Amino acid sequence: MFRFENPIFLWLLLVIPVLAILRFWGWRQRRRKLRKFGDSALLKELMPDVSKYRPTVKFWLLQAALALLIVVLARPQMGTKISREKRNGIETIICLDISNSMMAEDVVPSRLQKSKMLVENLVDHFTNDKIGLIVFAGDAFVQLPITSDYVSAKMFLQNISPSLIDLQGTDMGRALSLASSSFTQQEKIGRAIILITDGEDHEGGALEAAEAAKKKGINVFILGVGDPKGCPIPDGEGGYMRDEQGSVVMSALNEAMCQQVAQAGSGKYIHVDNTSEAQEKLNDELIRLQKGETDSVIYSEYDEQFQAFCILVLLLLVIEVCILESKNPLLRRFSLFGKGKKAAVVVLLLCCSTAMMAQADRQHIRQGNKLYRHGEFAKAEVEYQKALAANQRNTQALYNLGCALMMQQKDSAAVVQFENAGKLETSKKRKAMSYHNMGWICQKHQMYGEAIDAYKESLRHNPDDNETRYNLALCKRQQKQQQQNGGGSDNKDDKEKQDQQKKDQQKQQEQKRQPKEEMSKENAEQLLNAAMQEEKATQQRMKKAMQHPNRRQLQKNW
């Protein structure tokens with residue numbers, strides 16, 4: 001397949017017939033003047049060295065060279081094709097628990113956010129595999145059908161929140177059953193279900209669903225997120241969720257349940273905490289699965305072909321220089337293109353080729369910017385990488401690549417690109433922008449020391465940036481708060497830690513004792529009456545449930 005990257009330049013080809021018309025008009029004017037001078041036969045004898053055809057040949061050679069130069073400006077490309085390839089990989093469906101209990105913060109920043117980061121890192125490790133995404137709480141539905149489009153998987157992942165499902169709770173069995181029926185019908189391929197949850201199964205049926213998946217040859221891996229000791233669930237309004245009795249709900253990781261489901265599904269249970277060990281273990285387990293051939297559509301890249309046209313232009317110019325307008329070799333020195341002008345033509349052509357190479361990386365940057373503005377950050381990253389392949393020292397490509405990586409939450413890779421851009425950039429304002437973004441990333445990850453250094457470096461190059469100055473002041477204040485709250489543990493002694501822990505324990509014990517000391521007989525009678533009323537209300541709810549056995553009653557909304 002053949003195409004032009006910049007077809008608008010092809011309009012310049014209209015110059016060719018215009019020049020031909022002007023050439024013909026000049027030739028007619030010359031003949032008319034010669035006729036006035038004398039007889040044509042006599043003039044031929046007086047000018048024996050003048051050639052009739054050589055000037056015309058030289059003109060059309062120059063015309064052809066000009067046309068090819070215009071084609072070079074239009075950037076001809078060839079080699080694109082669409083083909084289907086068989087690739088070795090596995091099929092993986094991720095079941096993500098989005099119940100309210102996943103908002104607990106016993107894992108930083110929260111159970112759900114930690115799970116989304118884990119899934120994104122997992123997708124980054126996929127190459128020839130297919131992935132699907134199912135979200136579940138009290139119910140389950142397919143968020144992304146199984147596909148090899150990793151960009152779409154990341155886009156769908158970013159929009160996941162507990163508000164997607166109105167019916168809260170945790171129905172692991174429903175999620176596993178839906179995942180088992182969502183694979184392709186392809187044979188001899190490894191299949192895995194990765195269920196990420198805190199293990200609070202409110203509905204039951206998870207063991208049976210895992211055993212059914214095992215019979216189909218599907219491995220079920222359970223990733224348990226959270227702390228077995230329990231943690232309160234934020235309600236989104238600054239407080240914590242409470243049950244019907246008004247007590248704060250404590251959500252704890254049910255490791256026993258997770259291990260039983262993983263064992264029934266011929267998989268493995270992996271505990272997810274604040275480290276990266278779960279990610280490494282999961283990658284190792286997926287590598288061991290049997291890999292089969294999957295059909296994928298491959299789009300090849302467009303290859304630049306202007307080099308071949310530049311060679312043709314060079315040959316035409318060389319031929320044009322070698323052809324003299326005069327038949328007499330002694331008049332070679334009076335040729336329009338002498339030796340010095342030959343070199344000028346060659347230099348001009350080389351400069352044109354260099355400009356085309358520079359235009360290639362700028363074109364990739366423009367295409368990447370267009371994709372970036374439309375929110376297609378992964379595709380924009382590819383274009384910026386192509387620009388760097390053409391010119392590794394293009395600071396604009398380095399900076400834009402860092403921005404695209406940052407928008408995909410690939411913060412470590414983004415920092416590397418911003419650092420390289422800051423080192424190579426000559427403009428002080430652009431250098432300051434690179435260090436500002438580095439500081440923002442470090443501040444987001446609570447790396448306040450590194451963030452402060454980056455902000456200071458940014459202000460050295462652009463002291464008038466009020467936003468950077470504000471972020472620097474905010475970062476210093478956050479660093480102090482972190483140290484006061486125990487974040488700066490490296491600067492505290494063990495004795496101070498122990499004293500603080502003792503004080504906290506004493507406060508908790510005093511708080512526990514206060515209700516007991518203040519309890520009176522009247523309060524005890526009130527509590528007893530309230531308990532009796534609650535028991536009657538529970539019996540009434542049980543009767544209603546027995547009268548409507550097919551209607552589902554939601555007892556827990558977390």
Side-chain angles (χ1 to χ4, degrees), residues 82-98 115-136 140-160 171-197 206 208-224 258 261-270 272 278-299 378:
I82 301 176
S83 61
R84 292 186 175 273
E85 287 189 4
K86 289 187 176 296
R87 308 165 66 183
N88 292 327
I90 63 174
E91 293 182 355
T92 305
I93 292 183
I94 298 174
C95 300
L96 182 57
D97 186 355
I98 61 171
S115 302
K116 291 166 68 172
M117 293 168 59
L118 191 147
V119 174
E120 184 174 356
N121 292 331
L122 181 66
V123 173
D124 290 336
H125 285 82
F126 283 172
T127 53
N128 302 332
D129 309 301
K130 289 187 176 182
I131 185 173
L133 184 60
I134 291 176
V135 293
F136 72 96
F141 68 91
V142 177
Q143 178 78 353
L144 176 69
I146 191 163
T147 179
S148 57
D149 186 0
Y150 304 140
V151 177
S152 299
K154 291 182 179 180
M155 291 175 58
F156 279 100
L157 187 66
Q158 294 175 357
N159 299 325
I160 289 178
D171 193 348
M172 295 171 58
R174 169 65 178 158
L176 290 174
S177 300
L178 182 60
S180 300
S181 59
S182 300
F183 288 96
T184 64
Q185 300 299 322
Q186 202 166 351
E187 298 180 354
K188 296 181 180 180
I189 185 171
R191 294 183 174 88
I193 297 176
I194 301 175
L195 193 144
I196 306 176
T197 181
E208 293 79 1
E211 292 175 353
K214 178 182 178 181
K215 294 179 181 178
K216 296 180 180 180
I218 303 173
N219 299 87
V220 179
F221 297 92
I222 306 296
L223 271 61
C258 294
V261 175
Q263 185 177 2
S266 186
K268 187 175 181 180
Y269 166 72
I270 301 175
V272 179
Q279 183 75 56
E280 298 173 357
K281 292 180 180 179
L282 181 60
N283 290 333
D284 294 339
E285 292 295 330
L286 294 179
I287 290 174
R288 297 174 186 173
L289 291 180
Q290 177 186 1
K291 294 191 175 184
E293 292 183 345
T294 58
D295 294 332
S296 300
V297 178
I298 305 300
Y299 298 88

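Just so it is clear, the model here is predicted, and its values are computed rather than measured. Just so you know, these numbers use all the heavy atoms, side chains as well, and skip hydrogens, waters and symmetry mates.
- Between I193 and A179 the shortest heavy-atom distance is CD1-CB, 3.7 Å.
- Annotation for A206 and L176: closest pair O-CD1, 3.6 Å, computed over non-hydrogen atoms.
- Atom CD1 of I196 and atom CZ of F136 lie 9.0 Å apart (nearest 0.5 Å).
- Nearest heavy-atom pair across S182 and I146 is O-CG2, 3.8 Å.
- Between A210 and V261, the shortest heavy-atom distance links the atoms CB-O, 3.6 Å.
- The shortest non-hydrogen separation linking L286 to A192 is CD2-CB, 4.1 Å.
- To the nearest 0.5 Å, the span separating CG on L223 from CG on D97 amounts to 12.0 Å.
- Here the closest heavy-atom approach between residue A140 and residue R174 is recorded as CB-CG, 3.7 Å.
- In this structure, OG1 in T92 is found 6.5 Å from CD1 in I131, a value given to the nearest 0.5 Å.
- Here the CG-CD1 distance, from L144 to I160, works out to 9.0 Å after rounding to the nearest 0.5 Å.
- Rounded to the nearest 0.5 Å, atoms OG1 (T147) and CD (E91) are 10.5 Å apart.
- Open room surrounds CD on Q263; 12 or fewer heavy atoms of other groups in view lie less than 6.0 Å from it.
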side-chain contact (heavy atoms from CB on, under 4.5 Å) between L118 and L282, intermediate numbers included = CA-CA 10 Å; L118 191 147; L282 181 60; 4.1 Å; yes
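- Counting only heavy atoms from C-beta outward, the side chains of I93 and I218 never approach each other to under 4.5 Å.
- N121 contributes atom CG, which lies 5.0 Å from atom CD of Q279 (distance to the nearest 0.5 angstrom).
- Under a 3.5 Å cut-off, the side chain of R191 and the backbone N or O of S180 do not form any donor-acceptor pair.
- Listed for the N219 side chain is no donor-acceptor partner under 3.5 Å among the backbone atoms of G267.
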